[in-house]
> 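Here it is, the structure, as structure tokens.
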Amino acid sequence: IEDIESKLSTNKPDLMVIDYLGLIRATDAGKKPLWQITGEITHALKAAARKHNAAIIALVQLGRATDKQKEATLSDLKGGSDIEADADAVFFVRPHKTEDFLSGDDSWETDLIVAKNRYGGTGKMLLHWQPQYHDYLPVTEREEE
């Protein structure tokens, strides 16, 4: 967290993306359970975001059971309920993968699920995901199935 604070203080970004919350190490973790360590980290990230007037996006793993579910829920966030409690918004990205090989400009339909939004609505939005370009495109019209 000190390293994140230092980067926020020095670089003054409007946005910081943390590619995987689980890789952040607490300095005094000791023998604390994962949910407690994760809670301390998310509390510190929220405080740092407010202090430096920056948005922080933290990517979080879902529990393995969600692979068998139709849709993820807030309780599926791996690391405890503090992630959901501290977040202003929670989004789930769920591709409709097939075994088809993607080539050229092909894409998979993907749901962007707004599961929590402290300052607005929740719901689902359909996108086209082009993993070969690392790109998500809006869907202008629903395609015929």
Side-chain angles (χ1 to χ4, degrees), residues 1-102 105-140 142-143:
I1 295 296
E2 292 81 18
D3 187 38
I4 291 169
E5 277 268 3
S6 172
K7 284 180 171 58
L8 287 169
S9 185
T10 304
N11 300 319
K12 301 185 185 338
D14 293 326
L15 172 70
M16 176 180 272
V17 179
I18 297 173
D19 185 0
Y20 189 47
L21 184 70
L23 295 178
I24 297 176
R25 300 285 173 235
T27 53
D28 61 345
K31 294 187 187 251
K32 295 178 185 174
L34 175 63
W35 64 266
Q36 187 176 2
I37 295 166
T38 303
E40 291 170 2
I41 291 168
T42 59
H43 298 328
L45 287 175
K46 185 164 189 134
R50 284 184 175 160
K51 177 180 175 184
H52 297 283
N53 196 30
I56 296 179
I57 297 174
L59 303 180
V60 179
Q61 185 176 353
L62 294 174
R64 298 252 182 248
T66 56
D67 291 341
K68 296 176 180 80
Q69 296 171 206
K70 286 187 176 187
E71 200 167 288
T73 63
L74 294 171
S75 63
D76 293 319
L77 295 170
K78 188 173 183 178
S81 60
D82 283 322
I83 296 170
E84 184 263 329
D86 287 332
D88 288 335
V90 176
F91 297 86
F92 296 116
V93 180
R94 184 123 186 155
H96 303 198
K97 287 185 181 179
T98 65
E99 296 300 317
D100 297 337
F101 177 77
L102 294 180
D105 289 337
D106 291 346
S107 63
W108 281 317
E109 283 192 350
T110 301
D111 291 325
L112 175 68
I113 303 158
V114 182
K116 177 184 177 179
N117 184 356
R118 199 170 298 226
Y119 305 108
T122 59
K124 192 184 295 189
M125 181 176 161
L126 188 65
L127 301 171
H128 280 244
W129 177 39
Q130 296 178 311
Q132 66 275 33
Y133 302 124
H134 305 287
D135 206 2
Y136 289 89
L137 305 170
V139 175
T140 52
R142 182 84 178 171
E143 297 174 6

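In this chain, numbering begins with 1 at the start of the sequence shown. Side-chain atoms are counted along with the backbone in the values below, which use heavy atoms only and exclude waters and symmetry mates.
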> Is the side chain of N117 donor-acceptor paired with the backbone N or O of T122 at a distance under 3.5 Å, no angle test?
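Checked: no pair found.
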> Would you call K32 and E40 a side-chain contact if the rule is heavy atoms closer than 4.5 Å?
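K32 reaches E40 side chain to side chain.
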> So how far is it from I56 CD1 to L8 CG, rounded to the nearest 0.5 Å?
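Interatomic distance, I56 CD1 to L8 CG, rounded to 0.5 Å: 5.0 Å.
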> How far does CG of L62 sit from CG of L74, to the nearest 0.5 angstrom?
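So the gap between those two atoms works out to 10.0 Å.
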> Of all heavy-atom pairs between D105 and Q132, which one has the smallest distance, and what is that distance?
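Between these two residues, the closest heavy atoms are C-NE2, 4.0 Å.
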> I need the minimum non-hydrogen distance between L45 and L21, along with the two atoms involved.
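Scanning both residues, the minimum pair turns out to be CD1-CD1, 3.6 Å.
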> Between atom CD1 of I1 and atom CD1 of I24, what is the distance when rounded to the nearest 0.5 Å?
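One finds 5.0 Å between CD1 of I1 and CD1 of I24.
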> Are the side chains of F92 and L77 in contact, using a 4.5 Å heavy-atom criterion?
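Touching, per the 4.5 Å side-chain cut-off.
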> Between S6 and D3, is any side-chain donor less than 3.5 angstrom from a side-chain acceptor?
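No donor-acceptor contact under 3.5 Å links the two side chains.
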> For the atom pair CG (L127) and CG (L137), what is the distance rounded to the nearest 0.5 Å?
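With rounding to 0.5 Å, CG (L127) is 8.0 Å from CG (L137).
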> How many angstroms lie between atom CD1 of I113 and atom CZ of R94, to the nearest 0.5 angstrom?
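Answer for the CD1-CZ pair, I113 versus R94, is 7.0 Å.
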> Which heavy atom in W108 sits nearest to a heavy atom in H96, and how many Å separate them?
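Reported closest heavy-atom pair: CD1-O, 3.9 Å.
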> Which distance, rounded to the nearest 0.5 Å, do you find between the CD1 of I83 and the NZ of K78?
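The CD1 atom of I83 sits 10.5 Å away from the NZ atom of K78.
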> Around atom CZ of R50, are there more than 12 heavy atoms of other residues, nucleotides or ligands at under 6.0 Å?
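Open.
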> So do V93 and Y136 actually touch side chain to side chain, heavy atoms under 4.5 Å?
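They are in side-chain contact.
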> Please determine whether the number of non-hydrogen atoms from other residues, nucleotides or ligands lying under 6.0 Å from atom NZ of K7 exceeds 12.
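No - once you tally the heavy atoms of other residues, nucleotides and ligands closer than 6.0 Å, there are 12 at most.
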> Taking S9 for the side chain and E5 for the main chain, is one N or O donor matched with an acceptor at less than 3.5 Å?
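A pair under 3.5 Å: no.
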> I'd like to check I18 versus I57 (side-chain heavy atoms, cut-off strictly below 4.5 Å). Are they in contact?
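Sidechains of I57 and I18: no contact.
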> If you take all heavy atoms of W129 and T110, which pair is closest and at what distance?
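Closest pair (atom of W129, atom of T110, distance): CB-OG1, 3.1 Å.
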> Please determine whether the number of non-hydrogen atoms from other residues, nucleotides or ligands lying under 6.0 Å from atom CG of N11 exceeds 12.
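Check passes, neighbour count above 12.
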> With a 4.5 Å cut-off on side-chain heavy atoms, are H43 and D82 touching?
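Contact flag for D82/H43 side chains = yes.
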> Under a 3.5 Å distance rule, please check whether E84 uses its side chain to pair with a backbone N or O of S75 as donor and acceptor.
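Between the backbone of S75 and the side chain of E84 there is no qualifying donor-acceptor contact (under 3.5 Å).
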> If I compare all heavy atoms of P13 with all of A54, which pair ends up nearest, and what's the gap?
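In this case the closest contact between P13 and A54 is O-CB, 3.4 Å.
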> Is there a side-chain contact between R118 and K116 in this structure, where contact means two heavy atoms from C-beta onward sitting under 4.5 Å apart?
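The answer is yes; the side chains approach within 4.5 Å.
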> Should the heavy atoms of other residues, nucleotides or ligands under 6.0 Å from NZ of K51 be counted, would the total exceed 12?
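Counting other residues, nucleotides and ligands, NZ of K51 stays at 12 neighbours or fewer.
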